[in-house]
Protein chains: 2
Amino acid sequence: MRIGELAERAGTTTRTLRYYESLGLLPPADRSGNGYRSYDEEHLRLLEQIRTLQDFGFGLEETRPFVECLRAGHPAGDTCAASLEVYRRKLAELDACVARLQEVRAQVAAQLARAQVEALGADGGADPMCEPSVSERDSP
Amino acid sequence: MRIGELAERAGTTTRTLRYYESLGLLPPADRSGNGYRSYDEEHLRLLEQIRTLQDFGFGLEETRPFVECLRAGHPAGDTCAASLEVYRRKLAELDACVARLQEVRAQVAAQLARAQVEALGADGGADPMCEPSVSERDSP
DNA sequence: GTAGACCTTGACGTACGCGTCAACGCCAGG
DNA sequence: CCTGGCGTTGACGCGTACGTCAAGGTCTAC
């Protein structure tokens, strides 16, 4: 099949396929007599592997071991040692990233709370502890 | 003070200060007779505000309301309505991002687990439950 | 007067993953 | 024969937040 068909079947663009080839991520496609790239089903599998990982947030370079694993003849791209290592590294990265974001979230939330109070204090209400909060005497 | 001193005190570089000015994020600095930029303590406060937000992962444009709030004479950059809105938007973004990352993390973990099993099955061990694990009989 | 440290503007480089032309070749249908 | 649709390479653009270099002006100290 030619590049346009492969691109469509893989849900990507011809530009992307040529880009991957230029990176050496995809093997150089065979050329038919007129110079057109010629692809087979295996290329489609490689692309599906790449797209799956991309959706996970993997960079293109991180997908390389998976692609090479498939090209080496393995039925799955992620059963080779190098691929497993990338998975593990990525898990660690994800954990670190989540932790950082949660910490930031807490700090931003705290800043927001403080700023809201300050905004009220500066804007309108002079002393905000006149009326005792009713909720204390509500239940007994 | 001149640009080098401000940069050092703010923990940044002269390039960054000129860049912010070119964006209109910082107000154009006054020039002394020789054409050098001249800054005061207020500029330092603006920069501190920007850096704090940058550390939270805010983009430069997102810091603009805070800077303008300070420039408007408010004692804090985050007590203006626009700044509070940015805080709230950022909180929502952070929550969405954390959720997405956690979902991805779960999927990657699942892929890793599956791939490890497949790798074992293809590589060596035929039936991996011959020797009962010794740790079970260790303590009693 | 001259070296060195500071300042000025301008412009290109970086990383990522392509999008979007430009200018051209090839091939099938009418 | 010509149009339209496919393909080819090459090269610039984008967004973000600057780094880095170039070529020059300015000020201080010796």
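Convention: sequence-line order gives letters A, B, ...; per-chain numbering from 1.
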Contact list for residues 6-82 of chain B, test disulfide bond (SG atoms under 2.5 Å apart), sequence neighbours left out: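 For residues 6-82 of chain B: B:C69-B:C80.
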Starting at atom [atom1] of [X], determine the distance to atom [atom2] of [N], rounded to an integer number of angstrom.
X: B:E8; N: C:dA5; atom1: CD; atom2: P; result: 15 Å
X: B:Y20; N: D:dT16; atom1: OH; atom2: C1'; result: 11 Å
X: A:N34; N: D:dT9; atom1: CG; atom2: C1'; result: 15 Å
X: A:R31; N: D:dT9; atom1: CZ; atom2: C1'; result: 10 Å
X: A:Y19; N: D:dT8; atom1: OH; atom2: P; result: 18 Å

Output all residues satisfying side-chain hydrogen bond (donor to acceptor under 3.5 Å, both in side chains) with [X], sequence neighbours left out; order by chain, then residue number.
X: A:R2; result: none
X: B:S32; result: B:N34
X: B:E62; result: B:K90
X: A:R45; result: none

Estimated bend of the helix from C:dG1-D:dC30 to C:dG30-D:dC1 (axis per five terminal pairs, rounded to 10 degrees):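 Here the helix ends are tilted 40° relative to one another.
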Got a sec? Which of residues 41-62 of chain B come in under 4.0 Å of DNA chain D, heavy atoms?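 Residues of residues 41-62 of chain B that come under 4.0 Å of DNA chain D are, in numerical order, B:Q54, B:G59, B:L60.
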Close aromatic pair by centroid cut-off 6.0 Å: A:F66 and A:Y87: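 Here the rings of A:Y87 and A:F66 have centres that are less than 6.0 Å from each other.
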With A:E103, which residues qualify under salt bridge (Lys or Arg N to Asp or Glu O under 4.0 Å), at least two apart?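 None.
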Set of salt bridge (Lys or Arg N to Asp or Glu O under 4.0 Å) partners for B:D40, sequence neighbours left out: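 Expected list: none.
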Please list, pair by pair, any protein nitrogen or oxygen found under 3.5 Å from a nitrogen or oxygen in nucleotides 3-7 of chain D.
| from | atom 1 | to | atom 2 | distance (Å) |
| --- | --- | --- | --- | --- |
| D:dC6 | O2 | A:Y36 | OH | 3.4 |
| D:dG7 | OP1 | A:G4 | N | 2.5 |

Under-4.0 Å salt bridge between [X] and [Y]:
X: B:E48; Y: B:R51; answer: no
X: A:R64; Y: A:E61; answer: yes
X: B:E41; Y: B:R9; answer: yes

State whether a side-chain donor-acceptor pair under 3.5 Å links A:Q102 with A:R105.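 There is no such pair between these side chains.
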Quick test: give all pairs of protein nitrogen or oxygen and nucleotides 19-23 of chain C nitrogen or oxygen below 3.5 Å, distance rounded to 0.1 Å.
| from | atom 1 | to | atom 2 | distance (Å) |
| --- | --- | --- | --- | --- |
| C:dG19 | OP2 | A:T13 | OG1 | 2.9 |
| C:dG19 | N7 | A:R15 | NE | 3.2 |
| C:dG19 | O6 | A:R15 | NE | 3.4 |
| C:dG19 | O6 | A:R15 | NH2 | 2.9 |
| C:dT20 | O4 | A:R15 | NE | 3.0 |

With a cut-off of 3.5 Å and sequence neighbours excluded, list every side-chain donor-acceptor pair involving residues 18-26 of chain A.
| from | atom 1 | to | atom 2 | distance (Å) |
| --- | --- | --- | --- | --- |
| A:R18 | NH2 | A:T14 | OG1 | 3.2 |
| A:E21 | OE1 | A:R37 | NE | 3.0 |
| A:S22 | OG | A:Y19 | O | 2.7 |

